[in-house]
Amino acid sequence: MTRTLVLFDGLGGNNDKLLSALAALYAEPANAAYFHCVFAALDQVRERFAAEATPAPVHLLNLRQWLEKPGTVPADPLCNSIAAGICVVVHQLCRLQPARRLGAGPVVAALGYSIGLQAALVCGLRLRRLDAFLDAVTWSIRLVASSLIRAHHLTAEHSASPASPMALLSGTSRQDVQEAVEAYNKVRPQALTVGLVNSRSVQVVSGPAPDLLDFHRVHGPELIRTGATWSFLANTIPFHSPALAEAVRQVHADRAFIGGSPTGPDLQLPVYAMDRAGNLQDAGDLMTEFLDQVFLRRVEWETAISHAISDADIERIVDCGPGVSARRFSRECMQPLSRRLRFESVQQFAHHAHEE
C-alpha cells in the first residue's frame, strides 16, 4: 500500500473553469442528493442573513441558479471571495462522498491549504454513511458561507479600491518582506501582516486594500530591487490576518445556527495544521481551528507539509484541487529534501486506486 496524503487547495488558483467543473458534477445523477443538501444549506444561510441590517449579498449565493441556468451567471462571479470560497469547498466536498471512497484505502492523512482546510477536516472524519456525510456537508456550508459573509462585511468599505487585500511577493526572502511590513506598520500600526509563507521565496501580505496599495508605493521599489515580483491576488477578503478578528467573533456567535462542531478526537485519520507542525486529532473544537487558521493565523506551509509528510510517512500526495497552488508550493518546499514523493491528481488516483 502506498501511503497517501490528500491535499486540498485554497483560493489562490485560477477559478476560470471551476463553475464548469461544478456543472459537470451537478449533471451526474449520483451527485443529486449531495447537491440538494448543498442548495438547502445555502438557502438557510440566505434566510439567516436576510433578517440582519446588513444582509448577505444574495447574488453570491445563487449556485443552484448558476448550475441550472448557465445563461444567468453574471460576469466574473468568482471574483468575489464569498462565491469563490463556496464553490471551492462545494467542489472539494463532492469528491468526499462515501461512494467515491477518496478517504479510504491507502489514504492515511489529509492537509488543506487555506480554505481547503474544511474539506481536509471532513475527509479526516472518514464518514461512511451518506446521512452522516450530508450532515457534515450542511455544517460545512453553513460555516464556510457564514464566515466568508462576516469577513466580507468587515472589509466591504474598501471594495472600491483598485487593489485587492492580498498581494503575492515572489522571488525574495521572508526576512525582506517581514522587515518591510514592520517598517510600514510603524506608521500604520497593525495595518498589514505576512499572512502566508508559501515557500522560502513566496509570501503573501494581507491587509486593507488601500494600505496594500500604499505599501506597494512605499516599499515596492525596494523589494523589487531584492528580486521580488509583485501581484495582487483575486481576493476580496484579507485572509490570514488579525484584522478579521471581529468577523471570527461574530461567526462564533452564530454557532447555534451553524450547528455542532466535531472535535479533534472525532478525526479518524490525521489532519494536519497549516500554521504549525501539528495533528488536529489533538485539537479541541474544529470550528475554532478552521476559523483561526483560515482567517487569523499565518500559513507556515513548509513547516506544515514537511511535518505531515514525515509524521505520516507519506509516499504519495493526491492533489484534490481545484487549483494548483497547494501542489506547487508543496513541490517547492520538498525540493531541498532527499525524500522521493509521487504527486497525482485526484483523477489519476481514482483511476488506479482499485489496484492497491
Apply side chain to side chain donor-acceptor pair (under 3.5 Å) to [X] and list each qualifying residue two or more places apart in sequence or on a separate chain.
{"X": "Thr226", "answer": "Thr172"}
{"X": "Asp43", "answer": "Arg46, Arg64"}
{"X": "Arg255", "answer": "His252, Asp285"}
{"X": "Ser81", "answer": "Thr236"}

Any residue meeting side-chain contact (heavy atoms from CB on, under 4.5 Å) with [X], in chain and number order, not counting sequence neighbours:
{"X": "Gln97", "value": "Asn31, Tyr34, Cys94, Arg100, Phe133"}
{"X": "Ser231", "value": "Leu168"}
{"X": "Arg328", "value": "Ser170, Val202, Glu332"}
{"X": "Gln268", "value": "Arg126"}

**Message:** Within this structure, what is the CG-SG distance for the pair Leu117 and Cys123, rounded to the nearest 0.5 Å?
**Reply:**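 Here the rounded value is 11.5 Å.
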Over all atoms of both residues, closest heavy-atom pair of Cys37 and Val137:
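Of all heavy-atom pairs spanning Cys37 and Val137, the closest is SG-CG1, 3.9 Å.
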Ion pair check, [X] and [Y], cut-off under 4.0 Å:
{"X": "Arg297", "Y": "Glu289", "answer": "yes"}
{"X": "Arg200", "Y": "Glu302", "answer": "yes"}
{"X": "Arg249", "Y": "Glu246", "answer": "yes"}

[X] (side chain) donor-acceptor with [Y] (main chain) under 3.5 angstrom:
{"X": "Thr288", "Y": "Gly284", "value": "no"}
{"X": "Asp9", "Y": "Pro322", "value": "no"}
{"X": "Ser114", "Y": "Gly116", "value": "no"}
{"X": "Glu300", "Y": "Val197", "value": "no"}
{"X": "Arg142", "Y": "Phe257", "value": "yes"}
{"X": "Ser146", "Y": "Leu143", "value": "no"}
{"X": "Gln92", "Y": "Gly321", "value": "yes"}

Could you verify whether a donor N or O on one side chain and an acceptor N or O on the other, from [X] and [Y], lie under 3.5 Å apart?
{"X": "Thr2", "Y": "Arg316", "answer": "no"}
{"X": "His240", "Y": "Thr193", "answer": "no"}
{"X": "Ser173", "Y": "Asp176", "answer": "yes"}

Using side-chain heavy atoms (C-beta onward) and a distance below 4.5 Å, is [X] in contact with [Y]?
{"X": "Gln203", "Y": "Asn198", "value": "no"}
{"X": "Leu127", "Y": "Asp135", "value": "no"}
{"X": "Ser199", "Y": "Gln335", "value": "no"}
{"X": "Asp313", "Y": "Val108", "value": "no"}
{"X": "Ile309", "Y": "Ile317", "value": "yes"}
{"X": "Gln118", "Y": "Leu286", "value": "no"}
{"X": "Ile115", "Y": "Val144", "value": "yes"}
{"X": "Thr4", "Y": "Glu315", "value": "no"}

Contacts of Tyr272 meeting ring pair (Phe, Tyr, Trp, His ring centres under 6.0 Å) (sequence neighbours excluded), chain-then-number -> His307
Across all chains, not counting sequence neighbours, the ring pair (Phe, Tyr, Trp, His ring centres under 6.0 Å) partners of His216 are Trp230
| said: How about CZ on Arg188, more than 12 heavy atoms from neighbouring residues, nucleotides or ligands closer than 6.0 Å, or not? | reply: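 Counting neighbours around CZ of Arg188, 12 or fewer heavy atoms of other residues, nucleotides or ligands fall under 6.0 Å, so no.
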Check your understanding: For the residue pair Phe329 and Tyr113, does the interplanar ring angle fall in the parallel (under 30°), tilted (30 to 60°) or perpendicular (over 60°) class?
Key ->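 Tilted, since the angle between the ring planes falls between 30° and 60°.
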- Item | Mutual orientation of the aromatic rings belonging to Phe295 and Phe239 [parallel < 30°, tilted 30-60°, perpendicular > 60°] |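 Tilted.
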Those residues at least two apart in sequence (or on a different chain) that pass salt bridge (charged side-chain N to carboxylate O under 4.0 Å, His left out) with Glu68 are none
Name all residues meeting the salt bridge (charged side-chain N to carboxylate O under 4.0 Å, His left out) criterion together with Arg48; count only those two or more places apart in sequence or in a different chain, and write none if there are none.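 Testing Arg48 for salt bridge (charged side-chain N to carboxylate O under 4.0 Å, His left out), a comparison that skips the adjacent residues, returns Glu52, Asp254.
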Within 45° cone of Phe343 ring axis and under 6.0 Å: Arg331 NZ or CZ: yes
| query | Does one hydrophobic cluster hold both Trp301 and Val194, with members joined at side-chain heavy-atom distances below 4.5 Å? | reply |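 Each belongs to a different hydrophobic cluster.
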Assess the residue pair Val205 and Val177 against the criterion (side-chain contact (heavy atoms from CB on, under 4.5 Å)); give the C-alpha distance rounded to whole Å, side-chain angles, the decisive distance to 0.1 Å, and a yes or no.
CA-CA 8 Å; Val205 180; Val177 176; 3.8 Å; yes
Determine whether Asp266 and Thr263 satisfy the following criterion, side-chain hydrogen bond (donor to acceptor under 3.5 Å, both in side chains), listing intermediate values before the conclusion. CA-CA 5 Å; Asp266 293 320; Thr263 62; 3.3 Å; yes
